[in-house]
2 protein chains.
Amino acid sequence: MAVTDEAITKIKDMLISGELSAGDRLPPEKELSEKLGLSRSSLREAVKALEIIKVLDVRRGDGTYVTSLEPKLLTEAMTFIVDLHQDESILEIFEVRRILEPAAAAIAAGRITTEEIAGLRATMENIDDSTSVEQLVDHDLVFHQLITSAANNAYLSSVLDGLSSGTVRARIWRGLTQEKAVDRTLSEHGAIIEALERGDAELAKALLTVHISGVEHWLRQAL
Amino acid sequence: MAVTDEAITKIKDMLISGELSAGDRLPPEKELSEKLGLSRSSLREAVKALEIIKVLDVRRGDGTYVTSLEPKLLTEAMTFIVDLHQDESILEIFEVRRILEPAAAAIAAGRITTEEIAGLRATMENIDDSTSVEQLVDHDLVFHQLITSAANNAYLSSVLDGLSSGTVRARIWRGLTQEKAVDRTLSEHGAIIEALERGDAELAKALLTVHISGVEHWLRQAL
DNA sequence: GTCAGTCTAATGGTCGGATGTTTATTTGCT
DNA sequence: AGCAAATAAACATCCGACCATTAGACTGAC
């Protein structure tokens with residue numbers, strides 16, 4: 001194994017063993033490279049790799065720190081990869097979303113707070129079929145994130161957020177706008193909010209299945 | 001933005017735009033660094049980062065290639081991250097698995113082939129409650145992977161595989177062995193195979209929900 | 001004493017080049 | 001044609017120098 005990969009493994013082990021914890025600061029590059037027995041150049045490659053997947057947070061002029069290590073960091077790593085193959089396999093991604101999001105909504109229905117409901121309602125304000133695509137994408141992003149986060153499972157949220165990257169969303173809403181299907185989509189969002197507010201898990205689940213399947217169907221014929 | 005991060009973005013853009021495709025070979029480091037306007041050292045950091053998340057495949061003495069970019073590469077990226085926080089949040093991860101795996105089994109029930117059934121049966125051979133923990137973990141890993149792959153959705157498989165890393169599995173089976181719960185777990189596996197063979201999606205789904213919930217319950221009290 | 005501004009040391013960011021190691025290819029011999 | 005050695009290409013690693021940024025210490029005015 002290359003020294004750089006060894007360094008990655010060693011740092012990872014230090015995290016797993018607890019020698020390094022969330023928020024801790026790593027020794028300076030020079031010092032750490034000597035400790036791990038490799039050059040600063042090679043160590044930097046290792047640190048860069050860990051920074052990309054959000055395990056380390058490098059602050060120039062300050063130092064290198066261990067991130068919060070929250071499940072949230074799964075999202076960015078996934079988004080990076082999902083972005084790379086959006087064309088062929090969007091449908092497979094939607095199949096996964098169609099499994100997870102209704103389940104998330106069902107869980108959310110049982111524990112969603114009035115504040116969260118209010119947050120969902122807020123995303124619907126000032127939105128109609130004459131709103132710009134960018135705003136629609138923003139609304140859509142926040143809407144779905146609020147629901148999944150109401151399910152109170154950070155991994156669930158991370159995976160779902162990672163699977164639905166912004167680039168894909170933008171393409172879809174552009175298409176929906178052209179086909180004048182914005183109204184219907186927005187009214188589906190409204191119905192979902194009502195079901196969640198009533199705590200109707202079954203209905204919320206069904207509505208989300210229908211909602212995602214609808215977009216999926218549109219996508220299928222658009223490809 | 002640092003030059004290294006710019007380089008990562010540029011390479012990513014080359015992939016999205018199609019200038020680089022799966023299997024393509026990148027220019028040599030020296031040449032590419034000149035083209036992108038940065039030093040070889042900095043470029044190497046970028047390449048290393050992309051290698052870690054399985055976007056690039058670096059072959060010493062040969063060259064650097066774009067990987068297949070299959071969804072499968074999501075797994076390793078996820079495993080890396082999931083391994084880092086197994087303790088606190090295993091239960092959240094299990095909640096996600098409990099949503100996805102039964103759904104995967106239901107899909108699989110409708111399209112699983114006799115060869116795949118035979119493959120599942122094969123994992124049960126030579127396995128009983130006197131088998132070593134390592135072998136049990138191997139069996140378990142292959143068993144669940146076969147089911148998810150029978151669902152024929154590469155993203156679904158990748159996400160599930162990523163969520164259930166080997167380290168967690170090992171801990172669980174060690175526990176199950178101590179509690180003499182191996183028998184029950186294995187018989188559950190057998191029942192799942194039969195349901196899949198009969199194409200009974202509802203039963204397969206229910207069995208997997210029960211199966212995962214059982215492990216989840218054991219985990220909850222073990223923590 | 002307190003605050004603002006300045007200075008400095010620590011730290012990461014970038015670079016260029018030298019050298020080692022591995023692999024694929026070419027060359028040359030039989 | 002086939003095998004083996006030589007060669008070249010490419011990545012791997014290291015080193016040392018210098019730049020850029022930041023946090024924190026310091027200083028001086030009030």
Side-chain angles (χ1 to χ4, degrees), chain A residues 1-15 19-69 73 76-77 80, chain B residues 1-15 19-69 73 76-77 80:
Chain A
M1 191 189 287
V3 291
T4 301
D5 297 306
E6 277 178 27
I8 292 176
T9 303
K10 284 179 185 171
I11 295 174
K12 188 180 170 185
D13 287 345
M14 288 162 77
L15 288 164
E19 184 177 344
L20 283 176
S21 301
D24 283 1
R25 174 180 170 164
L26 271 66
E29 291 180 346
K30 185 174 190 306
E31 189 179 322
L32 184 57
S33 65
E34 287 167 1
K35 179 180 174 186
L36 298 182
L38 75 171
S39 72
R40 193 182 155 218
S41 319
S42 301
L43 173 67
R44 276 184 59 77
E45 291 181 18
V47 170
K48 193 74 201 180
L50 292 173
E51 187 193 6
I52 283 294
I53 59 175
K54 309 292 172 189
V55 170
L56 296 181
D57 178 20
V58 180
R59 303 178 203 160
R60 183 175 186 172
D62 183 0
T64 300
Y65 297 80
V66 179
T67 66
S68 61
L69 288 182
L73 55 81
E76 298 200 49
F80 195 104
Chain B
M1 190 191 289
V3 291
T4 301
D5 297 303
E6 277 178 29
I8 292 175
T9 304
K10 284 179 186 172
I11 295 174
K12 188 179 169 185
D13 287 344
M14 288 163 76
L15 286 164
E19 185 177 343
L20 282 176
S21 302
D24 283 0
R25 174 180 170 167
L26 271 66
E29 291 179 346
K30 187 172 190 305
E31 190 178 324
L32 184 57
S33 66
E34 287 166 1
K35 179 181 173 186
L36 298 182
L38 76 170
S39 73
R40 201 185 143 219
S41 320
S42 301
L43 174 66
R44 277 184 58 77
E45 291 181 16
V47 170
K48 192 73 200 182
L50 292 173
E51 187 193 7
I52 282 293
I53 58 175
K54 309 293 172 187
V55 170
L56 296 182
D57 177 21
V58 181
R59 304 179 203 158
R60 184 173 185 172
D62 183 0
T64 301
Y65 297 80
V66 179
T67 66
S68 62
L69 289 182
L73 55 82
E76 297 199 49
F80 193 103

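Here is how names work: the chains are called A, B, and so on, in the same order as the sequence lines, proteins then strands, and each is numbered from 1. Just so it is clear, the model here is predicted, and its values are computed rather than measured. Every heavy atom of this structure was used, including side-chain atoms; hydrogens, water molecules and symmetry mates were not.
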_Given the structure, check if the side chain of B:Arg40 and the base of D:dA12 hold any donor-acceptor pair shorter than 3.5 Å._
yes
*May I ask you to say whether A:Asp5 pairs ionically with B:Lys48, meaning some side-chain N is under 4.0 Å from a carboxylate O?*
yes
*Below 4.0 Å: OP1/OP2 of D:dA12 and any side-chain N or O of B:Arg44*: yes
_Residue closer to the 5' end of DNA chain D, B:Asp62 versus A:Asp62 (nearest nucleotide)_ = B:Asp62
*Please check the phosphate of C:dT11 (OP1 and OP2 only) for any side-chain N or O of A:Thr64 closer than 4.0 Å.*
no
*Do you know which two heavy atoms are closest between B:Ser21 and B:Val66, and how far apart they sit?*
O-CB, 3.3 Å
_side chain to side chain contact (heavy atoms under 4.5 Å, CB included) for A:Ile52 and B:Ile52? Distances and angles first, verdict last._
CA-CA 9 Å; A:Ile52 283 294; B:Ile52 282 293; over 6 Å; no
*Nearest to the side chain of A:Arg60 - C:dG16, D:dC11, D:dT21?*
D:dT21
*Using a cut-off of less than 4.0 Å, is there contact between a side-chain N or O of A:Ser41 and OP1 or OP2 of D:dC15?*
no
*According to a strict under-4.0 Å criterion, is A:Ser42 in side-chain N/O contact with OP1 or OP2 of D:dC14?*
yes
*Are A:Arg25 and C:dT11 close enough that a side-chain N or O sits under 4.0 Å from OP1 or OP2?*
yes
*Could you say whether A:Arg59 or B:Gly63 is positioned toward the 5' end of DNA chain D, judged by the nucleotide with the nearest heavy atom to each?*
B:Gly63
*When you get a sec, tell me which of C:dG12, C:dT23, D:dC14 is the closest nucleotide to the side chain of A:Val58?*
C:dG12
*Report the distance from atom CD of B:Glu45 to atom C1' of C:dC15, rounded to the nearest whole Å.*
11 Å
*Which nucleotide in the list C:dG12, C:dC15, D:dT13 gets nearest to the side chain of A:Pro28?*
C:dG12
*Please assess A:Leu32 against A:Thr64 for the test side chain to side chain contact (heavy atoms under 4.5 Å, CB included), listing each intermediate value before the final yes or no.*
CA-CA 11 Å; A:Leu32 184 57; A:Thr64 300; over 6 Å; no
